[in-house]
Amino acid sequence: MSDSSAEAKSSKNFLEEIIDKDLAEGRHTSILTRFPPEPNGYLHIGHAKSINVNFGLAKKYGGETNLRFDDTNPITESTEYVQSIKRDVEWLGYEWKQELYASDYFEKLYEFALKLIRDGLAYVDDSTSEQIAALKGTPTTPGTNSPYRDRSPEENEELFKRMRDGEFPDGSRTLRAKIDMAAPNMLMRDPVIYRIKNAHHHRTDDKWCIYPTYDFAHGQSDAIENITHSICTLEFMPHRPLYEWFIEKLGLFPSRQYEFARLNLSYTVMSKRKLLQLVNEGHVESWDDPRMPTISGLRRRGYTPAAIREFCNRIGVAKRDNLIDVSLLEFCAREDLNRIAERRMVVLDPVKLIITNFPEDKTEMLPSENNPEDEQSGEREVPFTRELLIEREDFMEDAPRKFFRLSPGRNVRLKSAFIITCDDFKKDEKGEVTEIYATYHPDSRSGSDTSGIKAKGTLHWVSASHAVPVEVRSYDRLFNVEDPAGEEGEITDYINPDSLVTIPQAWAEPAILDDLKEKSGSAKHFQFMRKGYYYEDISSTAEKPVFNQTVGLRDTWAKQKGK
RNA sequence: UGCCCGGUCGUCUAAAGGCAGGACAGCUGGUUUUGGUCCAGUCAGUGGGGGUUCGAAUCCUCCCCGGGCAACCA
């Protein structure tokens with residue numbers, strides 16, 4: 001795992017400063033963190049930041065990290081999500097110390113609740129959720145005590161046991177912590193800590209019909225595991241006093257909660273609810289649609305774990321709200337892919353190029369380096385013949401001075417092959433170019449060029465008779481505004497209609513067939529020369545190869561044209 | 001108009017009373033058989049007013065702006 005950027009950075013984030021201090025003052029001798037997903041959806045790049053913070057910090061200080069599923073709400077949770085989360089964390093390259101579940105502690109949490117009851121710090125409330133809400137007050141007005149607030153510990157204990165025994169219907173009673181209905185922090189106004197849900201739980205089956213709330217489960221779970229630093233996102237900040245209240249009243253290990261700003265990425269959304277909406281309403285194919293900011297979507301798109309980790313290291317950790325430019329993510333992808341992706345030539349939008357002075361029946365095999373950034377990657381052979389295919393956009397009838405590609409009378413280098421001179425071309429009735437004619441210079445052969453001819457540009461190409469058809473999918477941002485969640489109306493009002501462009505038939509050099517996952521076992525990352533980085537889609541087969549564009553190459557020519 | 005956070009280049013993020021620095025993005029050039037990579041350079045910031053201090057992004061104060069908080073969600 002490369003932590004180069006994290007190591008190169010000498011400055012520390014606020015969490016590192018806290019840990020330094022805790023270690024220096026002897027508050028802790030080692031650190032233990034946890035990553036606590038709720039198994040009710042797929043992980044996204046925002047979770048990757050959290051994973052990187054929790055696992056990364058622990059690793060940096062020689063500590064460890066537990067993976068703990070926060071499974072206190074059986075209605076929304078399932079083992080399907082547990083599986084996908086474990087897969088994603090592993091794929092990102094992290095190892096957890098223990099795989100744990102809040103549900104492992106249900107019996108212990110029940111005992112904790114009994115202790116609060118006996119200490120006069122919790123009571124059974126017969127109010128409906130509407131009544132509780134009505135008495136809660138508002139941020140600017142204090143709440144009112146529940147009529148059930150002063151029940152005796154004995155009565156509370158009996159009722160709570162009967163709740164567990166399944167004597168009452170869903171929603172009819174709750175257990176509440178007895179704190180302060182006038183607290184300025186709404187969460188301290190006698191929060192509900194147990195509720196009745198006659199629901200099947202993915203791990204405890206039908207053993208329980210009462211379930212603890214997040215607030216009554218999370219801090220205690222941390223304490224049970226001796227988590228030293230419980231790191232979460234900013235929206236949990238108001239929960240911290242409650243977190244500390246339970247630990248204090250129950251006399252548990254003093255885990256402490258710290259909050260950082262969650263990741264926001266431009267041109268996408270980052271909440272599970274909104275991502276689920278995109279899936280349910282069919283705006284994307286699935287959770288792992290390559291346009292989704294989910295880990296599974298990024299993986300399918302061709303992002304690498306190293307690229308995502310590097311991104312997380314570069315964005316930093318702080319407490320101010322942020323909206324990270326997606327170009328940084330793309331930069332990290334290109335940086336890693338440039339290093340590892342083998343180059344191939346693939347023509348996306350073909351036009352025929354005929355080398356008039358090359359024999360019709362001849363095929364010349366030309367070696368081409370797989371990756372100029374990696375000498376170990378070796379070479380492959382590319383067949384060169386009289387009839388080739390090049391990109392339609394690489395030819396111009398009337399080209400401006402700065403167009404370094406093919407045009408009548410001009411020279412161009414065919415990558416790993418020869419320099420050619422364009423002599424002529426043919427158009428159809430509609431004015432569309434159908435064939436381009438050129439002569440090649442035999443003494444300009446790549447690697448042994450003695451021609452002395454200069455060529456400004458280099459084009460990628462494939463032999464028409466050897467080219468293999470592949471489907472290529474190109475992606476653009478899912479939304480056409482930077483912060484869709486911050487706009488008026490529905491996020492779906494801002495969906496980019498061109499976020500997926502499918503090219504059913506592009507033409508690849510034959511070498512690509514050898515590296516299809518059906519043959520080699522796993523998909524490889526490629527750079528389609530002069531186009532971008534591509535990764536075989538999960539739907540791809542040897543009969544019908546399909547490639548997703550991970551990210552395009554930086555394109556300064558496109559920028560120039562735009563001016 | 002309650003309480004709690006926060007505000008440094010376009011975007012992130014450093015600077016713990018002592019030269020406002022880095023990255024991405026942008027722009028210029030150089031190298032290049034990918035208009036890629038690489039290299040060099042460049043543009044660009046402390047929300048505002050007062051105060052403390054020899055000296056303030058940093059401390060105090062008032063204001064402005066942004067976010068969060070009224071699930072039996074997490």
Side-chain angles (χ1 to χ4, degrees), chain A residues 5 8-13 17 36-38 40 70-73 75-77 125 127-129 132-134 136-143 170-171 173-176 183-187 189 191-197 211 213-215 217-218 232 234-241 259 261 266 272-273 314-332 334-335 338-339 343 345 368-369 372-373 402-405 412-417 419 444 446-447 449 455-460 482 527-532 552-561:
Chain A
S5 74
K9 206 166 83 178
S10 61
S11 62
K12 294 184 170 179
N13 65 49
E17 313 238 335
E38 183 187 14
N40 70 342
D70 238 328
D71 56 350
T72 57
N73 186 3
I75 314 284
T76 59
E77 298 155 4
D125 195 325
S127 307
T128 63
S129 67
I132 289 177
K136 201 125 206 179
T138 70
T140 52
T141 58
D170 284 11
R173 284 183 165 83
T174 58
L175 184 69
R176 291 228 257 166
N185 182 342
M186 300 287 293
L187 287 160
R189 320 243 263 228
V192 169
I193 59 176
Y194 262 95
R195 62 295 214 208
I196 302 171
K197 281 180 192 279
Y211 292 93
T213 57
Y214 164 83
D215 285 308
H218 198 89
C232 59
L234 250 30
E235 66 265 29
F236 290 96
M237 200 179 300
H239 293 252
R240 196 188 332 140
E259 311 87 9
S266 63
K272 280 189 203 169
R273 206 201 100 249
R314 280 175 179 259
I315 58 178
V317 184
K319 303 189 75 152
R320 58 184 94 89
D321 291 336
N322 59 78
L323 180 61
I324 308 284
D325 196 325
V326 70
S327 66
L328 180 61
L329 214 211
E330 295 175 342
F331 169 83
C332 294
R334 291 191 189 104
E335 186 183 44
N338 177 52
R339 198 156 59 206
R343 318 284 121 135
M345 294 197 282
S368 186
E369 54 192 352
E373 307 293 320
K402 285 185 145 176
F403 185 79
F404 302 150
R405 308 179 185 185
V412 80
R413 157 77 64 182
L414 294 179
K415 175 68 187 175
S416 300
I419 291 174
S444 68
S446 193
D449 186 349
K456 269 285 204 180
T458 301
L459 306 187
H460 63 283
E482 269 202 322
Q527 183 196 106
F528 291 174
M529 293 204 74
R530 302 208 302 133
K531 286 297 173 186
L553 253 29
R554 242 179 108 241
D555 191 350
T556 51
W557 171 240
K559 276 177 206 153
Q560 284 221 355
K561 274 195 302 186

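Chain naming here is simple, since letters A, B, ... match the order of the sequence lines and numbering starts at 1 in each. Just so you know, these numbers use all the heavy atoms, side chains as well, and skip hydrogens, waters and symmetry mates. Please read these numbers as outputs of a predicted model, since none were measured by experiment.
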**Asked** At under 4.0 Å, does any side-chain N or O of Arg320(A) touch on OP1 or OP2 of A14(B)?
**Response** yes
**Prompt:** When all nucleic acid strands are considered with a 4.0 Å heavy-atom cut-off, which category describes Glu330(A): base, sugar-phosphate, or nothing?
**Reply:** nothing
**Prompt:** Is Thr174(A) touching bases, backbone alone, or none of the nucleic acid, heavy atoms closer than 4.0 Å?
**Reply:** base
**N/O donor-acceptor pair, side chain Arg334(A) with base G36(B), under 3.5 angstrom** = no
**Asked** Rounding to a whole Å, what distance do you find between Glu335(A):CD and C24(B):P?
**Response** 8 Å
**Asked** With a 3.5 Å cut-off and just heavy-atom distances, do the side chain of Arg530(A) and the base of U34(B) make a donor-acceptor pair?
**Response** no
**Message:** Within the 4.0 Å heavy-atom criterion, would you say Arg554(A) contacts the bases, only the backbone, or no part of the nucleic acid?
**Reply:** sugar-phosphate
**Asked** Arg273(A) CZ to A74(B) P: how many Å, rounded?
**Response** 17 Å
**Message:** Please classify the nucleic acid contact of Ser368(A) as base, sugar-phosphate, or nothing, using heavy-atom distances under 4.0 Å.
**Reply:** nothing
**Message:** By the 4.0 Å heavy-atom rule, please label Leu328(A) as base, sugar-phosphate, or nothing.
**Reply:** sugar-phosphate
**Complete:** Judged by whether its glycosidic angle lies within 90° of 0, A25(B) is anti
**Asked** Which part of the nucleic acid does Pro372(A) contact within heavy-atom distance under 4.0 Å: base, sugar-phosphate only, or nothing?
**Response** base
**Request:** Have a look at Asp321(A) and say if it touches a base, only the backbone sugar-phosphate, or nothing, with a 4.0 Å heavy-atom cut-off.
**Result:** sugar-phosphate
**Request:** For Ser266(A), answer base if it contacts any base atom (sugar-phosphate contacts may also be present), sugar-phosphate if it contacts only those atoms, and nothing otherwise; contact means non-hydrogen atoms under 4.0 Å.
**Result:** nothing
**Request:** Any strand is fair game: report the nucleotide pairing with C3(B) by Watson-Crick or G-U wobble, both distances under 3.5 Å, or none.
**Result:** G68(B)
**Asked** Less than 6.0 Å separating the ring centroids of His218(A) and Phe236(A)?
**Response** no
**Request:** Measure distances between side-chain N and O atoms of Ser416(A) and base N and O atoms of U33(B), and say whether any donor-acceptor pair falls under 3.5 Å.
**Result:** no
**Prompt:** Between Ile315(A) (CD1) and C24(B) (P), how many Å, whole number?
**Reply:** 15 Å
**Asked** Any donor-acceptor pair under 3.5 Å joining the side chain of Glu482(A) to the base of G10(B)?
**Response** no
**Base-pairing mate for A23(B) - Watson-Crick or G-U, with both contacts under 3.5 Å** = U11(B)
**Message:** Applying a 4.0 Å non-hydrogen cut-off, can you work out what Met529(A) is touching in the nucleic acid: base, sugar-phosphate, or nothing?
**Reply:** base
**Message:** From CG of Leu187(A) over to C1' of A70(B), roughly how many Å is that when rounded to an integer?
**Reply:** 9 Å
**Item:** Counter-base of U58(B), judged by Watson-Crick or G-U geometry with both distances under 3.5 Å
**Value:** none
**Sugar-phosphate, base or nothing in reach of Gly447(A), heavy atoms under 4.0 Å** = base
**Message:** Whole angstroms only, please: what is the CZ-P distance between Arg343(A) and U37(B)?
**Reply:** 11 Å
